[in-house]
Number of protein chains: 2
Amino acid sequence: MTDTQEWVERFPGLSRLEPHIKKLLLARSAIIAVPGGVTLFGPGNSPENMLFLLDGTVRVQQVSDTGHEIVLYRIHAGESCVLTTACLLAYENYAAEGISETAVQAAAVPRDVFDDLVAQSKSFRDFVFAAFSKRITDLFLMIDEVAFQRIDVRLADKLLRLCDGQDVVATTHQKLSVELGTAREVISRQLQEFQRRGWIEQARGSVTILDRAHLERLADHSA
Amino acid sequence: MTDTQEWVERFPGLSRLEPHIKKLLLARSAIIAVPGGVTLFGPGNSPENMLFLLDGTVRVQQVSDTGHEIVLYRIHAGESCVLTTACLLAYENYAAEGISETAVQAAAVPRDVFDDLVAQSKSFRDFVFAAFSKRITDLFLMIDEVAFQRIDVRLADKLLRLCDGQDVVATTHQKLSVELGTAREVISRQLQEFQRRGWIEQARGSVTILDRAHLERLADHSA
DNA sequence: GCGCGCTTGGTGACAATATCACCGAAGTCT
DNA sequence: AGACTTCGGTGATATTGTCACCAAGCGCGC
């Protein structure tokens with residue numbers, strides 16, 4: 001559990017806010033906590049508040065008409081859902097949803113307070129626009145990867161990002177296929193190839209990284 | 001040539017601005033005109049101004065490390081480059097570029113004036129956030145298409161979007177492949193198949209639509 | 001324990017798309 | 001005309017996606 005006093009200080013982009021803006025933000029926000037696995041926002045469930053994540057991660061993914069799923073990005077502690085929320089408010093009927101991957105603690109800022117802050121504080125504006133910009137450039141990169149990058153390169157990269165310093169990634173082939181927007185069979189075959197080369201070891205529901213260096217070399221090959 | 005007097009009125013999202021905001025916008029912006037085929041912004045060429053397009057279209061595309069190109073979106077008259085510009089300002093070294101597809105007329109708003117407007121006008125804020133939201137949801141859709149949609153469906157859709165009411169699309173196989181982020185050979189083969197079915201007719205540098213209904217049916221099949 | 005259903009992963013056949021290495025035809029320029 | 005570039009066609013092959021299965025592992029009720 002995180003100390004929620006002065007949570008604003010824990011956002012790199014917000015700690016430089018003008019003092020009275022910080023006070024306003026702290027006074028007009030509510031701390032909420034939700035367990036993992038909850039759909040925070042999605043089709044037919046647009047939230048009234050902008051969330052600032054204090055703890056945990058939120059996964060944003062999309063289900064296509066064809067039934068395919070793909071993970072778009074994650075929101076980590078210290079980031080905000082501004083844009084996803086904004087999108088939902090503007091376009092009610094689209095297919096992206098946000099799911100808490102872990103237990104999540106967040107500061108909820110009502111829409112009108114958010115607008116007030118944007119109007120009053122240059123620092124807050126900079127924070128918001130930087131968040132939008134980062135997200136859009138990341139989406140550009142993602143489009144490039146999905147369109148042009150080989151699946152083995154993308155899988156190696158994804159494993160390294162998901163392992164979070166550990167050597168064991170607790171996930172299934174199915175979940176990995178959703179991460180990359182491909183089919184489970186493709187993941188199974190690629191992991192078999194990685195295993196054959198001695199880079200990983202597989203068990204039901206987990207992948208153990210044995211040779212990080214080779215995976216990194218593959219992932220960096222042109223990403 | 002467009003009448004540039006009171007250009008603000010021609011933006012659906014801006015016409016409802018408070019009168020003094022409109023005046024500020026008109027007073028502090030400059031009308032610029034550039035011919036077609038010019039790179040308006042791109043790596044190593046970040047503009048100082050936010051552009052509001054009065055006439056013409058701007059194509060935003062990306063070149064990947066692997067040399068592959070893909071068209072991300074277009075900006076039409078009545079829309080602004082806010083987000084692309086914002087991205088470039090925030091992250092100098094990324095690979096997207098904006099090219100005028102036709103002769104373009106635009107209102108250029110300096111960065112500090114833009115910030116002023118966001119601070120002072122609720123309507124302007126709404127316009128800006130709506131533009132961001134629209135773009136992000138469009139990028140979500142694009143990711144979905146690139147990842148999951150069949151190439152024949154995407155090509156049919158693209159032909160219909162490019163024809164602009166006409167029956168003849170003046171483009172090359174190469175350009176179409178960049179539109180969809182695929183290879184020229186793939187486009188050539190798909191167009192051959194469309195032609196074999198009598199849906200289109202090909203000539204060097206152009207595609208003539210013969211059977212719009214069938215193309216639409218293919219494009220709508222799950223898009 | 002045992003059977004039952006669900007999840008997870010494996011496999012072969014095949015389809016769709018991408019890549020590579022060419023080739024020739026049609027335009028452009030001098 | 002000759003050189004050069006752009007445009008499009010083609011076959012061979014590699015990669016990835018789809019489909020239809022199957023079997024092993026796991027949880028759960030009895």
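Naming: A, B, ... by sequence-line order, numbering from 1 per chain.
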Whole angstrom value for the distance that separates P of dC19(D) from CZ of Arg150(B) = 10 Å
Write down the atom of Asp144(B), the atom of Ser64(A), and the distance for their closest heavy-atom approach.
-> OD2-CB, 2.8 Å
Take atom CZ of Arg154(B) and atom C1' of dG17(D), then tell me their distance rounded to the nearest Å.
-> 15 Å
salt_bridge(Asp211(A), Arg197(A)) N-O dist < 4.0 Å = no
With a 4.0 Å cut-off on heavy atoms, is Glu193(B) in touch with a base, just the backbone sugar-phosphate, or nothing at all?
-> nothing
Side-chain contact, heavy-atom cut-off 4.5 Å: Asp152(A) with Leu218(A)?
-> yes
Atom CD1 of Ile200(B) to atom C1' of dG8(D): distance rounded to whole Å?
-> 13 Å
Whole-Å distance separating the CD1 atom of Ile151(B) from the C1' atom of dG17(D) | 13 Å
Calculate the interatomic distance between Leu180(B) atom CG and dA16(C) atom C1'; express it in whole Å.
-> 15 Å
Rounded to whole angstrom units, what separation is found between the CG atom of Asp152(B) and the C1' atom of dA18(C)?
-> 15 Å
Quick one: His68(A) NE2 to dT16(D) C1', roughly how many Å, whole number?
-> 12 Å
Does OP1 or OP2 of dG10(C) have a side-chain N or O of His173(A) closer than 4.0 Å?
-> yes
So, Glu185(A) versus His173(A): side-chain donor-acceptor pair below 3.5 Å or not?
-> no
Arg184(B) (side chain) and dG9(D) (base): donor-acceptor pair under 3.5 Å = yes
For Lys175(A), does its backbone N or O pair with a side-chain atom of Thr172(A) as donor and acceptor, under 3.5 Å?
-> yes
Before accepting this row, confirm whether a basic side-chain N of the pair Glu179(B)/Arg74(B) lies closer than 4.0 Å to the acidic partner's carboxylate O.
-> yes
Distance below 4.0 Å between Ser188(A) side-chain N/O and dG9(C) OP1 or OP2 | no
Examine dT10(D): is either OP1 or OP2 under 4.0 Å from a nitrogen or oxygen in the side chain of Gln192(B)? Give yes or no.
-> yes
note: Gln174(B), atom CD; dG27(C), atom P; distance rounded to Å ~ 19 Å
Tightest non-hydrogen contact, residues Cys163(A) and Val169(A), listed as CB-CG2, 3.6 Å
DNA chain C: Phe148(A) or Arg204(A), which has the more 5' nearest nucleotide?
-> Arg204(A)
Closest-nucleotide ordering on DNA chain C, the 5'-leading residue of Arg189(B) and Thr171(A) | Thr171(A)
Side chain of Val186(B) (C-beta onward), nearest among dT19(C), dG10(C), dG9(D) | dT19(C)
Under 3.5 Å side-chain donor-acceptor pair for Thr39(A) and Glu97(A) | no
Using the C1' atoms of the five pairs at each end, what is the angle between the end axes of the helix from dG1(C)-dC30(D) to dT30(C)-dA1(D), to 10°?
-> 30°
Scan Glu185(A) against the nucleic acid and name what it touches under 4.0 Å (heavy atoms): base, sugar-phosphate only, or nothing.
-> base
Think Gln190(A) has a side-chain N or O under 4.0 angstrom from the OP1 or OP2 of dT16(D)?
-> yes
Where the side chain of Thr182(B) is defined as all heavy atoms beyond and including C-beta, which of dG25(D), dG10(C), dA18(C) is the nearest nucleotide?
-> dA18(C)
